[in-house]
Q: 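Pasting in a structure now, in structure tokens, and then I'll have a few things to ask.
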Amino acid sequence: MDIVVVGNGKIGKNLSSMLVNEGHNITIVDCDASAISKSQNSQDLMCIEGNGATAEVQKEAGVNKADLLVATTPFDELNMMCCLIARKLGCKKTISRVRNPEYYKQIDLIKDDLGLSMVINPERNTADEIRRILVFPSAVKVEVFEKGRVELVEHVIPENSLIADLSLIDIYKKTKLKFLICAVVRNDEVFIPTGDFVLQAGDRIHLAASHKDIERFFRSSGVMKDKVKTVMIVGGGKICVYLANQLINIGMRVKIIEKDYDLCQELAELIPKAVIIHGNGAVEDLLMEEGIMDADSFVALTGFDEQNILMSLYAKNNTGTKVITKVNDESYIKLASQLGLDCLISPKNITSSNILSYVRSQENTSESNIESLYNLVGNQVEAIEFNIRDNIPDVVGISFKDLKLKENILICAIIRKREVIIPNGDDSIQLGDAVVIVTKEHHISDIRDILL
């Protein structure tokens, strides 16, 4: 596809890199000449310097012939203007980044008028992911499929776990639950495991099942954690606003620490049921004074990765609280993980995955379409949900024991008329199913891509 990305910031750069690796023709538009030069020297793409909200610059970037324009600048109004002009010039599809909560609330009213195919809100999507983890504190990460009917949960096996040193088939027999362990990370090596794979303490596993069966799995493994009731958040930006309102709505108590006094006043109006503290959350005395030892969860959401990591390490090493850390820089993500921080959230990676899911779905014009796509294990593994819209002779109605799948591909769940099926060799895909695939080392945009 021919894709134009307006805005070469954190999200724009990350998205462009992913799309180039997918084999698309990418053109970046940005006013910052130095930022564009760096991208041009490091990636195989075209760069245009200029204002992406002008027809002249868009024509120079080839928007009139493009399949998709993605506007990712920090300014909502500019992004929407870019998309409106692009549609007028003949661009087939447009995606706009809209961050402001007030704009986002009413975007459905003007989405069609602006010709938007998709609206992305990194802060809202990040808040959604953090909320899912706080609702399920035994997990490191939670992804959802088919409107939450299937969850893909990341979990680190602790020392003395009841499932350590057992093969997967023994675990399935022992627990008698409907779940599937579909990826394992051990010493930076990724496995798509078979039944004879033996788990070890320290393994980072990804398991798929319904919410109830995952809860039962954690209970049977002896690692089910108490529900989160109180949350301390440091950093009062847009993610905090979305997250705090979500948590309060489900009955959690929220305390927010923010060092900008004017922002504290805004937060008090936007989130009246939260406790707002004016102060520096990186100061140990303040954290102790405000009750970090009594909080069930600590969430670091400042705009500085280093500060988030340091605060999170303090919380992890001195309390028994659930710690979640926002980190955008890829090098810091790896470092933080090595330091023992498990729950690392990257807004740019979440946003890029959402857009990549949309692009893959546009590539696919056959009888199956991609509903959602998640990158796991540092983009080494993908979890993809397909909706089977029509009869596909090579796939539909054929038992899995007779399907010849490519290596490192696993069919981990089927959702059929609200029923979650963790498949075995006798099961098969049927018309109307939602199918969740986990894959390593394969580019999949069509359900038939899983076959040899």
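Residue indices begin at 1 and follow the sequence shown. Hydrogens, waters and symmetry mates are skipped; everything else that's a heavy atom, side chains included, is used.
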Q: Please confirm whether the backbone N or O of C182 pairs with a side-chain atom of H206, one donor and one acceptor, at under 3.5 Å?
A: no
Q: Run the salt-bridge test on D170 and K173 with the 4.0 Å N-O cut-off and return the result as yes or no.
A: no
Q: A quick test of your reading: do over 12 heavy atoms of other residues, nucleotides or ligands sit less than 6.0 Å from CZ of F75?
A: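 Check fails, neighbour count at 12 or below.
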Q: Report the distance from atom CG of L199 to atom CD1 of I157, rounding to the nearest 0.5 Å.
A: 4.0 Å
Q: Would V140 and I133 satisfy side-chain contact (heavy atoms from CB on, under 4.5 Å), going step by step from the backbone distance to the final call?
A: CA-CA 7 Å; V140 171; I133 295 171; over 6 Å; no
Q: For the residue pair I422 and L177, establish whether any side-chain heavy-atom pair is separated by less than 4.5 Å.
A: no
Q: Does D329 form a side-chain contact (heavy atoms from CB on, under 4.5 Å) with E306? I'd like the steps, not just the answer.
A: CA-CA 10 Å; D329 191 302; E306 301 94 330; over 6 Å; no
Q: Looking at side-chain heavy atoms only, is the closest gap between I214 and V142 below 4.5 Å?
A: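 Result no, sub-4.5 Å side-chain heavy-atom pair not found.
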Q: How far does CD1 of I256 sit from CD1 of I271, to the nearest 0.5 angstrom?
A: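 Reported to 0.5 Å precision, the distance equals 4.0 Å.
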Q: Side-chain contact, heavy-atom cut-off 4.5 Å: C83 with L114?
A: no
Q: State, without any angle test, whether N308 and T325 hold a side-chain donor-acceptor pair at a distance under 3.5 Å.
A: no
Q: Would you check if I384 and R360 make a side-chain contact, meaning some heavy-atom pair closer than 4.5 Å?
A: yes
Q: Please check this pair: side chain of T72 against backbone of V6, looking for a donor-acceptor N/O pair closer than 3.5 Å.
A: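 Yes; at least one donor-acceptor contact below 3.5 Å.
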Q: For A315 versus F298, what's the shortest heavy-atom pair and its separation?
A: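 Taking every non-hydrogen atom into account, CB-CD2, 3.8 Å.
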Q: Which word best sums up how the rings of Y374 and F145 line up, parallel for under 30°, tilted for 30 to 60°, or perpendicular for over 60°?
A: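 Geometry flag for F145 against Y374: perpendicular rings.
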Q: For I233 versus C240, what's the shortest heavy-atom pair and its separation?
A: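 Answer, listing the atom of I233 first, then C240: CG2-SG, 4.0 Å.
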Q: Evaluate the side-chain proximity of T439 to I450: yes if any heavy-atom separation is below 4.5 Å, no if none is.
A: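 They are not in side-chain contact.
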Q: Considering all heavy atoms of both residues, which atom of R149 and which atom of V420 are nearest to each other, and what is their separation?
A: O-CG2, 3.3 Å
Q: Take M232 and I257, measure what side-chain contact (heavy atoms from CB on, under 4.5 Å) needs, and give me the verdict at the end.
A: CA-CA 8 Å; M232 178 180 285; I257 300 176; 4.0 Å; yes
Q: Within a reach of under 6.0 Å around CD of Q338, are more than 12 heavy atoms found that belong to other residues, nucleotides or ligands?
A: yes
Q: How close do A139 and K322 get, heavy atom to heavy atom, and via which atoms?
A: O-NZ, 2.5 Å
Q: To the nearest 0.5 angstrom, please state how far the CD1 atom of I409 sits from the CG atom of L452.
A: 8.5 Å
Q: Sub-3.5 Å donor-acceptor pair from the side chain of N8 to the main-chain atoms of A35, do we have one?
A: yes
Q: Any donor-acceptor pair under 3.5 Å linking the side chain of K406 with the backbone of D449?
A: yes
Q: Measuring only between side-chain heavy atoms, which start at C-beta, is F386 closer than 4.5 Å to I429?
A: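 Of all side-chain heavy-atom pairs linking I429 with F386, none is under 4.5 Å.
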Q: Can you find a side-chain donor-acceptor pair between D128 and Q246 that sits under 3.5 Å?
A: yes
Q: Hey, could you give me the CG/CG distance between N280 and L287, rounded to the nearest 0.5 Å?
A: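 Here the rounded value is 8.5 Å.
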Q: To the nearest 0.5 angstrom, please state how far the NZ atom of K440 sits from the CD atom of E407.
A: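 Atom-to-atom, K440:NZ and E407:CD are 8.5 Å apart.
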Q: Which pair of heavy atoms, one from V234 and one from G281, lies closest together, and at what distance?
A: CG1-CA, 3.8 Å
Q: Determine the sole option in F136, F179, F218 for which the ring-ring contact (aromatic ring centres under 6.0 Å, His included) test with H155 is passed.
A: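 It is F218; the other options fail the test.
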Q: Heavy atoms only: give me the nearest I11-S352 pair and the separation to one decimal.
A: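 It is O-OG, 4.1 Å.
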Q: Heavy-atom count around K10 NZ within 6.0 Å, excluding the residue itself: above 12?
A: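 Atom NZ in K10 is not packed in, count stays at 12 or less.
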Q: Around atom CG of D226, are there more than 12 heavy atoms of other residues, nucleotides or ligands at under 6.0 Å?
A: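 Counting neighbours around CG of D226, 12 or fewer heavy atoms of other residues, nucleotides or ligands fall under 6.0 Å, so no.
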Q: Would you say T321's side chain and A295's backbone share a donor-acceptor pair under 3.5 angstrom?
A: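 Here the side-chain-to-backbone pair exists.
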Q: For S337 and I333, indicate whether the former's side chain and the latter's backbone hold a donor-acceptor pair under 3.5 Å.
A: no
Q: How about N328 and D305: does a side-chain donor come under 3.5 Å of a side-chain acceptor?
A: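 Note: N328 and D305 side chains miss the donor-acceptor criterion.
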Q: Given 3.5 Å as the limit, does a donor-acceptor pair link the side chain of N424 with the main chain of D426, or not?
A: yes
Q: Surrounding CD1 of I110 (heavy atoms of other residues, nucleotides or ligands, distance under 6.0 Å), is the total greater than 12?
A: yes
Q: Just wondering, are more than 12 heavy atoms of other shown residues or ligands nearer than 6.0 Å to CG in N249?
A: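 Count over threshold, so yes.
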Q: Got S17 and Q43 here, is their nearest side-chain heavy-atom distance under 4.5 Å?
A: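 When only atoms from C-beta onward are counted, Q43 and S17 do touch, with a gap below 4.5 Å.
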Q: Between N121 and Y242, do the side chains contain an N or O donor and an N or O acceptor separated by less than 3.5 Å?
A: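 N121 vs Y242: donor-acceptor pair found between side chains.
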Q: If we ignore angles and hydrogens, is there a donor and acceptor under 3.5 Å between the side chains of N79 and T73?
A: yes
Q: Might you confirm whether atom CG of D188 has over 12 heavy atoms from other residues, nucleotides or ligands at distances under 6.0 Å?
A: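 Counting neighbours around CG of D188, 12 or fewer heavy atoms of other residues, nucleotides or ligands fall under 6.0 Å, so no.
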Q: Could you tell me whether a side-chain N or O of T302 sits under 3.5 Å from a main-chain N or O of F304, the two making a donor and an acceptor?
A: yes
Q: Quick one, Y104 and E123 - any side-chain contact, counting heavy atoms below 4.5 Å?
A: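 Not touching, per the 4.5 Å side-chain cut-off.
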Q: Keeping K238 on the side-chain end and R99 on the backbone end, is there a donor-acceptor pair under 3.5 Å?
A: no
Q: Looking at NZ of K13 and CG of D30, how far apart are the two atoms once the value is rounded to the nearest 0.5 Å?
A: 9.0 Å
Q: Applying side-chain contact (heavy atoms from CB on, under 4.5 Å), run through I181 and F197 and close with a yes or a no.
A: CA-CA 10 Å; I181 296 176; F197 188 93; over 6 Å; no
Q: For atom CG of D402, is the number of surrounding heavy atoms from other residues, nucleotides or ligands below 6.0 Å larger than 12?
A: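 Enclosed.
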Q: Is D433 reaching over with its side chain to a backbone N or O of R416, donor-acceptor style, under 3.5 angstrom?
A: no
